[in-house]
Amino acid sequence: MSRFYITTAIDYANGEPHIGHAYERIGADAIARYRRLRGDDVHFLIGMDEHGQKVAQAAEAEGITPQAFVDRIAASFRSLWDKLDISYDQFMRTSDPAHKAGVQALVELIYRTSPDDFYEKEYEGLYCVGCEQFKREAEIVDGRCPVHPTRVLETKIERNWFFRLSRHQDYLLQLLAETPRFLQPESRRNEILALIRSGLEDISVTRGRLAWGIPWPRPLSTGEEQVAWVWFDALPNYLTGTGFPDGPWRQRWPAQLHVVGKDITRLHCVIWPAMLRSAGLPLPERVWGHGFVLFKGERFSKSAGNVFSVAEAVERYGSDAFRYFMLREVPWDSDGVFTWERFDERYTADLADAFGNLASRVLAMLHRYRAGVVPEAPPTSLDHAGDEIVTRYATEMDALLLHRAAQAAWDLVAEANAYVERRAPWAQSKAADHAGLDETLGALARCLARLTVLATPFIPRASLQLWRALGLGDTTAAVPSWNVATQPQVSGLTTSKTPPLFPKQERLTTPV
């Protein structure tokens with residue numbers, strides 16, 4: 001059994017969850033579920049980034065304390081993740097005392113291990129409150145931050161602690177050049193390589209005149225006490241989530257995979273590895289920078305006034321349908337588009353007509369022709385096609401190309417539906433071709449069993465419902481396992497009818 005520690009970026013607690021948050025969690029959850037199917041010891045970490053100026057301002061606007069504000073936001077996020085069946089093992093919050101202690105321990109470790117990497121400096125720069133970052137001239141477009149174009153950049157002058165990021169430039173170039181897998185997809189790696197080659201500047205890692213943050217463990221030479229810059233607080237959550245610095249944290253660290261949005265790969269593939277190197281700690285093995293979900297060519301963004309209700313999308317057809325659409329329609333390695341029309345089309349064609357109809361037909365025919373018992377039957381062309389598709393599916397999932405893996409699984413759905421039409425089991429029954437009918441039903445039952453496994457990362461509820469209907473497990477502890485995908489043994493199982501997995505819907509009104 002291999003250890004697999006997977007994380008997502010922790011969500012910033014200045015507003016309600018949006019479709020970008022959902023896309024990242026669904027994708028990471030699909031990976032976590034797949035690794036569990038393969039027998040890995042998975043630990044899946046998500047959470048909330050709860051400090052910083054934006055949070056303090058949002059709380060002040062509502063007339064409540066920052067802690068009360070983030071408590072409410074965290075509850076809202078967790079409620080949505082439950083609705084989307086996100087199978088996380090740990091929910092990290094940066095306001096937790098254990099995290100605060102871990103961040104301070106990491107800072108002190110850097111002071112001890114690389115004492116020259118911290119120094120004091122007075123600094124003046126343009127600050128984006130949305131990003132919680134100072135912006136270099138090359139990162140500003142028409143006087144604004146391109147990520148938060150509706151926010152005015154603030155001029156800040158402070159004396160802060162700085163981190164000597166520039167010292168790690170050659171190391172980071174070598175890391176990305178010699179270990180391409182560290183940052184994927186390749187387009188993201190090329191972007192970060194270009195950024196590093198343009199020259200890295202040291203970064204301010206503390207903030208003055210801000211109470212809502214983790215206290216920096218050492219004061220300035222002036223005696224002023226400051227708090228950690230929000231990203232120097234947030235990035236270590238992946239480490240503090242293991243119990244660092246106390247307990248058996250090395251049993252989990254380093255992480256096998258960080259899943260983050262493409263807009264924060266610089267933080268995860270430049271600043272975070274530099275911090276860890278400075279502390280003498282191992283780096284994560286892999287970072288995946290996914291793209292954005294777009295609507296009418298624009299990124300969903302609260303700050304841009306582009307509002308979208310994830311809850312409304314889930315209520316439309318259920319969590320499985322939303323999960324499937326997001327991972328099939330939006331490429332995991334680039335940007336993709338959400339439209340209500342396309343959502344409706346995918347639901348009807350892929351889920352109701354293809355997957356759901358296949359399951360209903362096969363279970364009904366087993367009940368009608370064989371009293372629900374799966375007959376013994378030799379391998380067929382459908383089994384051979386299934387063997388090839390399972391191999392392709394595993395290759396795509398291992399490469400984290402989730403949209404291609406979903407395509408592979410639904411290619412098997414199409415193969416099975418075509419097999420039904422080709423074999424015409426109703427005609428075999430009428431002609432009393434008992435051996436031929438057994439062969440058809442056995443092959444279809446094996447195919448359904450395979451599909452319950454391959455579809456689990458995408459539509460976990462329907463997959464489990466079908467798994468149980470096939471007689472593969474009738475307890476809550478019985479869940480799909482990978483060996484059923486590679487060698488489905490279903491003959492002799494007693495199946496049962498089940499309500500439609502994806503019932504046909506009347507034409508729904510498209511939200512504005």
Side-chain angles (χ1 to χ4, degrees), residues 6-32 44-52 54-55 57-59 61-62 64 66-96 129-132 147-148 150 230 234 237 241 258-264 290-295 298-327 329-330 332 335-338 340 343 460 511:
I6 177 174
T7 74
T8 65
I10 50 177
D11 299 315
Y12 199 61
N14 69 319
E16 297 299 316
H18 57 65
I19 194 169
H21 296 128
Y23 176 57
E24 182 169 303
R25 298 312 159 288
I26 292 169
D29 182 69
I31 297 167
F44 180 17
L45 177 77
I46 64 175
M48 301 298 299
D49 179 5
E50 298 181 327
H51 291 124
K54 277 191 297 186
V55 169
Q57 289 176 344
E62 293 193 18
I64 58 177
Q67 187 65 59
F69 180 83
V70 297
D71 286 347
R72 189 191 75 208
I73 297 296
S76 176
F77 274 77
R78 294 191 76 158
S79 175
L80 179 59
W81 304 152
D82 289 344
K83 289 178 182 177
L84 288 172
D85 299 306
I86 306 302
S87 60
Y88 61 89
D89 298 291
Q90 185 178 359
F91 191 86
M92 192 76 189
R93 296 182 61 184
T94 59
S95 62
D96 288 344
V129 176
C131 292
E132 298 276 10
V147 180
H148 298 93
T150 61
V230 67
N237 93 91
H258 288 332
V259 174
V260 302
K262 67 178 183 179
D263 55 332
I264 54 174
H290 63 78
F292 294 148
V293 184
L294 307 176
F295 184 71
E298 298 180 352
R299 182 185 176 191
F300 286 98
S301 169
K302 181 171 68 73
S303 60
N306 196 347
V307 179
F308 175 89
S309 170
V310 177
E312 186 176 5
V314 174
E315 289 166 4
R316 195 170 182 85
Y317 297 119
S319 62
D320 273 1
F322 183 66
R323 288 172 60 105
Y324 172 77
F325 177 82
M326 294 297 287
L327 296 181
E329 191 75 11
V330 182
W332 192 236
D335 295 343
V337 177
F338 179 98
W340 290 104
F343 187 23

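Starting from 1, each residue takes its place in the sequence as its number.
- For the side-chain hydrogen bond (donor to acceptor under 3.5 Å, both in side chains) test, no residue two or more places apart in sequence or in another chain qualifies with Asp96.
- Counting only distance, with no hydrogens or angles, the side chain of Tyr23 and the backbone of Val330 share a donor-acceptor pair below 3.5 Å.
- Taking the side-chain hydrogen bond (donor to acceptor under 3.5 Å, both in side chains) definition, one finds that Thr7 meets it with His258, sequence neighbours left out.
- Residue Ala9 comes nearest to Ile264 through the heavy atom pair CB-CD1, 3.7 Å, listed as atom of the first residue, atom of the second, then distance.
- For Asp29, the side-chain hydrogen bond (donor to acceptor under 3.5 Å, both in side chains) partners at least two apart in sequence or on another chain are Arg33, Ser87, Arg323.
- Shown here are the side-chain contact (heavy atoms from CB on, under 4.5 Å) partners of Ala58, two or more places apart in sequence or in another chain: Phe69.
- Here Asp85 pairs with Ser319, Arg461 under the side-chain hydrogen bond (donor to acceptor under 3.5 Å, both in side chains) rule; sequence neighbours left out.
- Every residue meeting the salt bridge (charged side-chain N to carboxylate O under 4.0 Å, His left out) condition with Glu329, not counting sequence neighbours, appears here in chain and number order: Arg342, Arg346.
- With Glu24 contributing its side chain and Gly261 its backbone, the two residues share a donor-acceptor pair below 3.5 Å.
- No donor-acceptor distance shorter than 3.5 angstrom exists from the side chain of Asp82 to the backbone of Ser79, with no hydrogens or angles considered.
- Take Ala321 and apply the side-chain contact (heavy atoms from CB on, under 4.5 Å) test, not counting sequence neighbours, and it matches Tyr317, Phe343, Tyr347, Leu351.
- Aromatic ring pairs are classed by plane angle as parallel below 30°, tilted from 30° to 60° and perpendicular above 60°; the pair Phe295 and Phe338 is tilted.
- The two residues Tyr12 and Lys54 make their nearest non-hydrogen contact at CE2-CE, 3.0 Å.
- For Ala28, the side-chain contact (heavy atoms from CB on, under 4.5 Å) partners at least two apart in sequence or on another chain are Ile6, Thr8, Phe44, Val259.
- Proximity of Arg25 to Leu80: side-chain heavy atoms (C-beta onward) are nowhere separated by under 4.5 Å.
- Every residue two or more places apart in sequence or in another chain that forms a salt bridge (charged side-chain N to carboxylate O under 4.0 Å, His left out) with Arg93 is listed here: Glu50, Asp71.
- Looking at heavy atoms from C-beta onward, Val310 lies out of side-chain contact with Glu16 at the 4.5 angstrom threshold.
- The shortest heavy-atom contact between Ser95 and Gln67 is OG-NE2, 3.5 Å.
- Here Glu315 pairs with Ala311 under the side-chain contact (heavy atoms from CB on, under 4.5 Å) rule; sequence neighbours left out.
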